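Notes follow once the structure below has been shown.
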Amino acid sequence: MLETKPTRLIVGITGATGTIFGVRLLQMLHGSGVETHLVMSKWAARTLVHETPHTAKDVQALATHNYPLGDQGAAISSGSFITLGMVIAPCSMRTLAAIAHGLGDNLIHRAADVVLKERRKLVLVVRESPLSEIHLENMLKLSRMGVVILPPVPAFYNNPQNLDDMINHITMRIIDQFDIHLDVMNRWDGVLANERKTRAEED
Ligand SMILES: Cc1cc2nc3c(=O)[nH]c(=O)nc-3n(C[C@H](O)[C@H](O)[C@H](O)COP(=O)(O)O)c2cc1C
């Protein structure tokens, strides 16, 4: 039998602020050879048009496959559909809670539940601030099960010049979680910017 490596990634976008992370992720993976299977929540679509120039239709055009939120019979609703796992970017506290409590009442929750039961990789780009005890407990519970809790917190060591640099760096780090390494931004190489400048001046 021929063995095939799955290159399908389930992408959920929910109604937390930061919908640009889901969009950038799809933009980066577009044409990369990774199949993206997208589900957006109702509030993701609302938040998207509020905070970005994109429409839900534009974003869906970036994905390889799209599923309606209520389609519990979709391929990604079954463990027999092999995937690398799932990323939810951004992930609202509502969706976090639904996953932590095993609710499967929409396709995002159900697909995440399947990823958990199959012991595949689940990455949650959780976004809320400040965090309540409920949010923290839900994150801890899922983290103990191997879920990667990856809030979109910017780094400054790579000297971002603008918001786009920050978004690209965070999105690159999200994609890294699936062993897909797209070098769209500088990575930390152990050399501070001022050291690099001194070395360049010495050369
Ligand atoms: C502009 C806007 C920003 C929001 N930001 C957040 C947020 O950062 N985190 C969060 O948990 N919910 C946020 N919400 C609330 C969620 O959209 C709401 O709880 C919704 O029910 C989430 O449903 P979903 O997880 O199915 O998308 C925001 C809502 C709006 C309209």
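Worth saying up front: this structure is predicted, and the values here are computed from it rather than measured. Remember, it's 1-based here, ligands and their atoms both numbered in the order they're listed.
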Between Asp58 and Thr55: side-chain donor-acceptor atoms closer than 3.5 Å:
yes
Partner of Leu38 under side-chain contact (heavy atoms from CB on, under 4.5 Å), chosen from Leu62, Val11, Leu25, Ile76:
Val11
Any residue meeting side-chain hydrogen bond (donor to acceptor under 3.5 Å, both in side chains) with Asp71, in chain and number order, not counting sequence neighbours
none
Check whether the side chains of His109 and Asn106 place a donor and an acceptor atom closer than 3.5 Å, and report yes or no.
yes
Where the side chain of Ser143 meets the backbone of Met139, is there a donor-acceptor pair that is under 3.5 Å apart?
no
May I ask you to check whether His37 and Glu35 show a side-chain donor-acceptor distance below 3.5 Å?
yes
Any protein N or O within less than 3.5 Å of an N or O in ligand 1? List each pair with its distance, or say none.
unit_1   : atom_1 : unit_2 : atom_2 : d
ligand 1 : 5 (N)  : Thr17  : N      : 3.1
ligand 1 : 8 (O)  : Thr17  : N      : 3.3
ligand 1 : 8 (O)  : Arg127 : O      : 3.2
ligand 1 : 8 (O)  : Arg127 : NE     : 3.1
ligand 1 : 8 (O)  : Arg127 : NH2    : 3.1
ligand 1 : 9 (N)  : Arg127 : O      : 2.7
ligand 1 : 9 (N)  : Glu128 : OE2    : 3.3
ligand 1 : 11 (O) : Met93  : N      : 2.8
ligand 1 : 14 (N) : Gly15  : O      : 3.2
ligand 1 : 17 (O) : Gly15  : O      : 2.6
ligand 1 : 23 (O) : Arg94  : NE     : 3.2
ligand 1 : 25 (O) : Ser92  : OG     : 2.5
ligand 1 : 25 (O) : Thr95  : OG1    : 2.5
ligand 1 : 26 (O) : Arg94  : NE     : 3.1
ligand 1 : 27 (O) : Gly15  : N      : 2.7
ligand 1 : 27 (O) : Ser41  : OG     : 2.6

